[in-house]
There are 2 protein chains.
Amino acid sequence: MNDSRPIRAKSGTNHEGTSAHNRRVMIDALRINGALSRADLARATRLTKQTVSNIIEELERDGLVNSQEAVRKGRGQPSTPYRLVPEGAFAIGLQIDRHVTRAVAVDLLGSVLVRAEAGLPPGGPSTGAKVILDLVAGVRSKLAGIVQQSETRLVGLGVAMPGPFGIDGSGDDPWMMGAWQKFPLLETLTAGTGLDVGLQNDAAAAATAERMVGAAHGLDHAVCLFVGYGIGAGLILNGELYRGANGNAGEIGMALLFAEGKSTPLEHRASLASLYQYLSADPADPDLHAHINDLASGGDPGIDTWIETAAADLRWSIHLIETIFDPQTVILCGSAPEALVNRLIAAIGPLLPSIAERRGRTLPRLQPGMADPWSVALGAAAGPIGRAFDPHFAAILKDSR
Amino acid sequence: MNDSRPIRAKSGTNHEGTSAHNRRVMIDALRINGALSRADLARATRLTKQTVSNIIEELERDGLVNSQEAVRKGRGQPSTPYRLVPEGAFAIGLQIDRHVTRAVAVDLLGSVLVRAEAGLPPGGPSTGAKVILDLVAGVRSKLAGIVQQSETRLVGLGVAMPGPFGIDGSGDDPWMMGAWQKFPLLETLTAGTGLDVGLQNDAAAAATAERMVGAAHGLDHAVCLFVGYGIGAGLILNGELYRGANGNAGEIGMALLFAEGKSTPLEHRASLASLYQYLSADPADPDLHAHINDLASGGDPGIDTWIETAAADLRWSIHLIETIFDPQTVILCGSAPEALVNRLIAAIGPLLPSIAERRGRTLPRLQPGMADPWSVALGAAAGPIGRAFDPHFAAILKDSR
DNA sequence: TTATTAAGTCAATTATCTTGACTTATTACT
DNA sequence: AGTAATAAGTCAAGATAATTGACTTAATAA
């Protein structure tokens, strides 16, 4: 006689939620616009001067902002601009890839202060977990050597690895990292570091990085098409990373393409993995990156066919993304060698006609993102920083269960 | 010497924002769970009993909730459940389609109280605008005849029509409604009705309807695949309709399919329009709906080929949606005749393997939505009601500019 | 030199949620 | 039957954080 299925409801909010939101909004405004005076902040956020003053004082006490030289601009009292203090917070970012793992320490503004890399032994998590924990510990202690108080200002550890997550049958598909998917990674890292740990897939991390310091900075609707070992899309929707119901949103690499009479996942045709296969190269070869860069920049005809099909498929993907998401811009990111990315971008154009062709566009339809092998780790670190400081709905609500 | 580009920032919030959010959260909880006591609400929303009591009193004064018979359930004082009052608010929904326009009056719970339909003369907005305004006025006065105080409780007019919006070259594409796109519809309706007017495309409206009273009720991540004259997807992401940067998100009908050696927009192959073309039927024929229903239910072999290709394309679309959005469920909606929808659903299965196949699923991957020609108008009306009463980020912020 | 303008502060006020003690109504236990 | 336990809900005071309007400060324009 128990009719009590759990009651579902969104969480309410209170004064603390209000003030937390207002603090975040001010930090966000400083991040997007650079230094601003209290009066500027009041106008921009629609808060009163007094409220802004109170919050600025609090942020200054917390070491998150500081004042700069007053600037005279016409009549009236000169304004005192405030800016974010880079050393106000730090985060560790960790990228786990097929054959390599990278860790970075990043500050509030997204500058990378420490970076470290290690090869991942083929044994999977059983041996890899220790490598990863050592790498993180190393980065952390190096950071502590560079800046004081870094430990107390560490907001978390962000992890990025190829998705999708939580799928059953990925055990022996070499396209996925089956063994890692089953491993209790978050628990291990939380226990091993004592930090707040978050996880995203590599495309999402690339998008998070672009939003913090790249082409998506200050944008509310942007999609990063990530070309790496696999292919994914990192979705910035309404100013936040969109994760989907199970954290797998954007796994566009598994979208099916119909070509040559059969259906093939996109990432079997246009990813680096497909290029390795096309070249019969060993993905674990440490010189491969440089080799491919040479091939691409040297105009080796042996790579042209692959570039052509891949570009055609990416052109289609961009059209699809524009059609489905209606973003302000699409950003081409990836861990591909720079020369290859340039060749791809050149080969992708001109873009297919789409609803993105509209009067009054200010942003290009397609932009190159960061071509830096560290950008995924940077994005991983940007996760905890965003969670701690960016305005978003969940941050207003009372602690979610 | 003017370096002042506008400062961009999100809006802050204040006490009013807090209380507005908490009111919305309580309304949402009552909508999802049915009647709840103050104590239940306090637990579910994580607000204090006292706060809940205050807000409930306010909502009761406003006529949005009322109390029911106290229920004894075990020890302790019996609880008094509160429920939403259907007559607490009303909205008008307007669907503008190619050859017909429909208007409904809907209450707070999404029940349709009044419905009216009119043919749209081929002249476009120049003659159609009056038809529409008359239709709305008629529905409105009928509503006033049924319930008292309906006018003061009218929260707005929601409009649904085929997208995409704001595109240049749609003037003579017969697949779009070019003339209507250029017409200042919102301004005309605002001026003609004095109501708050909102616009969404028909797929979005279908999703809004499913979320209020259909298969997406209480879900935070659901995608409605809408098969009508065109094809679109209505996106419920993070519990809200996602619109994209320009209100055109989800226009999946323009996604390109590669088949038979050429690329074709999805909606040229799987929409009702494509069926009309396949049958060489006149879309303006008022008997067409019934005729197609007969064809589909009678098992006429003449329609089989179309159903087969359309189902294959829809199967692919569902796979794409699952892959890209990672929703809790996909809902097949549309203005197609019921027999046709049933045939399509039967022909679509089995679904392609995707990341949506996971242990512990509770919802089906694909569900049928409302098969009611009035559901788009209902969804249009659900727009203003959601804007007025559902919890969402924007509602917390101070008036956006 | 003075009026004007804009930035920023001060002190009182207001809106709203929280707290903890209290009341009420019911069932469970002895 | 009487009493303890439990849960719903109220009361009144308190805490938090934004708002208001007058005021101060510091610059330029006339």
Side-chain angles (χ1 to χ4, degrees), chain A residues 1-2 4 7 11-26 35-62 65 67-82 395-399, chain B residues 1-2 4 7 10-26 35-61 65 67-82 395-399:
Chain A
M1 203 80 211
N2 186 0
S4 61
I7 296 170
S11 167
T13 186
N14 57 13
H15 304 313
E16 281 179 49
T18 301
S19 105
H21 172 70
N22 288 342
R23 269 201 309 273
R24 284 167 184 262
V25 163
M26 306 229 323
L36 292 176
S37 69
R38 300 181 183 200
D40 283 339
L41 282 165
R43 279 184 295 264
T45 61
R46 325 199 114 219
L47 294 166
T48 60
K49 286 186 294 181
Q50 187 56 59
T51 300
V52 169
S53 271
N54 295 340
I55 295 178
I56 280 286
E57 260 165 53
E58 193 186 306
L59 292 175
E60 197 164 18
R61 267 201 310 282
D62 290 351
V65 307
S67 59
Q68 295 180 294
E69 202 71 348
V71 291
R72 290 179 297 274
K73 44 177 186 227
R75 250 177 220 192
Q77 175 169 332
S79 63
T80 307
Y82 286 79
I396 292 179
L397 312 182
K398 299 179 114 182
D399 303 345
Chain B
M1 202 79 209
N2 185 0
S4 60
I7 296 170
K10 296 204 161 62
S11 167
T13 186
N14 58 12
H15 304 313
E16 281 179 47
T18 302
S19 104
H21 172 70
N22 288 343
R23 269 202 310 273
R24 284 167 184 262
V25 163
M26 305 226 328
L36 292 175
S37 68
R38 301 182 182 201
D40 284 339
L41 282 164
R43 278 185 295 264
T45 62
R46 325 198 114 218
L47 293 166
T48 60
K49 285 187 292 182
Q50 188 55 59
T51 300
V52 169
S53 272
N54 294 341
I55 295 177
I56 279 287
E57 261 166 51
E58 193 186 305
L59 292 174
E60 198 164 19
R61 267 201 310 281
V65 307
S67 59
Q68 295 180 293
E69 201 73 347
V71 292
R72 287 179 299 274
K73 44 177 187 228
R75 250 176 222 192
Q77 176 169 330
S79 63
T80 308
Y82 286 79
I396 292 180
L397 312 182
K398 298 179 116 183
D399 302 345

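All values derive from a computational prediction rather than experimental measurement. Numbered from 1 within each chain, the chains take letters A, B, ... in sequence-line order.
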Peer 1: Calculate the interatomic distance between B:Leu41 atom CG and C:dC17 atom P; express it in whole Å.
Peer 2: 14 Å

Peer 1: For the side chain of B:Thr13 and the backbone of B:Ile396, is there at least one donor-acceptor N/O pair under 3.5 Å apart?
Peer 2: yes

Peer 1: Using the side-chain heavy atoms of B:Ser53, tell me which of these nucleotides is nearest: C:dC17, D:dA18, D:dT10.
Peer 2: D:dT10

Peer 1: List in chain and number order the residues that pass side-chain hydrogen bond (donor to acceptor under 3.5 Å, both in side chains) with B:Asn54, two or more places apart in sequence or in another chain; answer none if no residue qualifies.
Peer 2: B:Gln50

Peer 1: Which donor-acceptor pairs under 3.5 Å do side chains of residues 69-82 of chain A form with protein atoms, sequence neighbours excluded?
Peer 2:
unit_1	atom_1	unit_2	atom_2	d
A:Lys73	NZ	A:Ser79	OG	3.4
A:Tyr82	OH	A:Arg38	NE	3.3
A:Tyr82	OH	A:Arg38	NH2	2.7

Peer 1: Taking all heavy atoms of A:Asn14 and all of B:Thr18, pick out the closest pair and write down the distance.
Peer 2: CA-CG2, 3.8 Å

Peer 1: Considering just the side-chain nitrogens and oxygens of B:Asn54, establish if one lies under 4.0 Å of OP1 or OP2 belonging to C:dT16.
Peer 2: no

Peer 1: Measuring from B:Met26:CE to B:Thr45:OG1, what's the distance to the nearest 0.5 Å?
Peer 2: 6.5 Å

Peer 1: For D:dG9, take OP1 and OP2 only and decide whether either is under 4.0 Å from a side-chain N or O of B:Thr80.
Peer 2: yes

Peer 1: Estimate the overall bend of the helix from C:dT1-D:dA30 to C:dT30-D:dA1 from the end axes over five pairs each, rounded to 10 degrees.
Peer 2: 0°

Peer 1: Return the set of residues passing side chain to side chain contact (heavy atoms under 4.5 Å, CB included) with A:Arg23 (not counting sequence neighbours), or none when no residue passes.
Peer 2: A:Ser19, A:Ala20, A:Ile55, A:Glu58, A:Leu59

Peer 1: By nearest nucleotide on DNA chain D, pick out whichever of A:Leu47 and B:Pro81 is the more 5' one.
Peer 2: B:Pro81

Peer 1: Report, one pair per line, the protein and nucleotides 22-24 of chain D atoms (nitrogen or oxygen only) whose separation is under 3.5 Å.
Peer 2:
none

Peer 1: Roughly how far apart are A:Leu36 CG and B:Ile7 CD1, rounded to 0.5 Å?
Peer 2: 5.0 Å

Peer 1: Just the table, please: protein N/O against nucleotides 10-14 of chain C N/O, every pair under 3.5 Å.
Peer 2:
unit_1	atom_1	unit_2	atom_2	d
C:dC10	N4	A:Gln50	OE1	2.5

Peer 1: Taking side-chain hydrogen bond (donor to acceptor under 3.5 Å, both in side chains) as the test, write out the residues that go with A:Thr48, two or more places apart.
Peer 2: A:Thr51

Peer 1: From B:Ser37 OG over to B:Arg43 CZ, what is the distance, rounded to the nearest 0.5 angstrom?
Peer 2: 6.0 Å

Peer 1: Taking CG from B:Asn14 and P from C:dT16, how many angstroms apart are they, rounded to a whole number?
Peer 2: 8 Å

Peer 1: Can you pull every protein N or O that's under 3.5 Å from an N or O on nucleotides 27-30 of chain C?
Peer 2:
unit_1	atom_1	unit_2	atom_2	d
C:dA28	O4'	B:Arg75	NE	3.0
C:dA28	O4'	B:Arg75	NH2	2.5

Peer 1: Among residues 18-26 of chain B, which contact DNA chain C at a heavy-atom distance under 4.0 Å?
Peer 2: B:Thr18, B:Ser19, B:Asn22

Peer 1: Any side-chain N or O of A:Arg38 below 4.0 angstrom from OP1/OP2 of C:dT9?
Peer 2: yes

Peer 1: Ignoring hydrogens and geometry, is there a side-chain-to-backbone donor-acceptor pair from A:Ser11 to A:Lys398 under 3.5 Å?
Peer 2: yes

Peer 1: Under the salt bridge (charged side-chain N to carboxylate O under 4.0 Å, His left out) rule, collect the residues that match up with A:Glu16, sequence neighbours excluded.
Peer 2: none

Peer 1: A:Lys49: which residues meet the side-chain hydrogen bond (donor to acceptor under 3.5 Å, both in side chains) condition with it, sequence neighbours left out?
Peer 2: none

Peer 1: Among residues at least two apart in sequence or on other chains, which ones pass side-chain hydrogen bond (donor to acceptor under 3.5 Å, both in side chains) with A:Gln68?
Peer 2: none

Peer 1: Counting only side-chain nitrogens and oxygens, does B:Thr48 get under 4.0 Å of the OP1 or OP2 atom of C:dT18?
Peer 2: yes

Peer 1: A:His21 versus B:Leu397: any side-chain heavy-atom pair under 4.5 Å?
Peer 2: yes

Peer 1: Could you measure the distance from the CG atom of A:Asn22 to the CG atom of A:Leu47? Nearest 0.5 Å is fine.
Peer 2: 4.5 Å

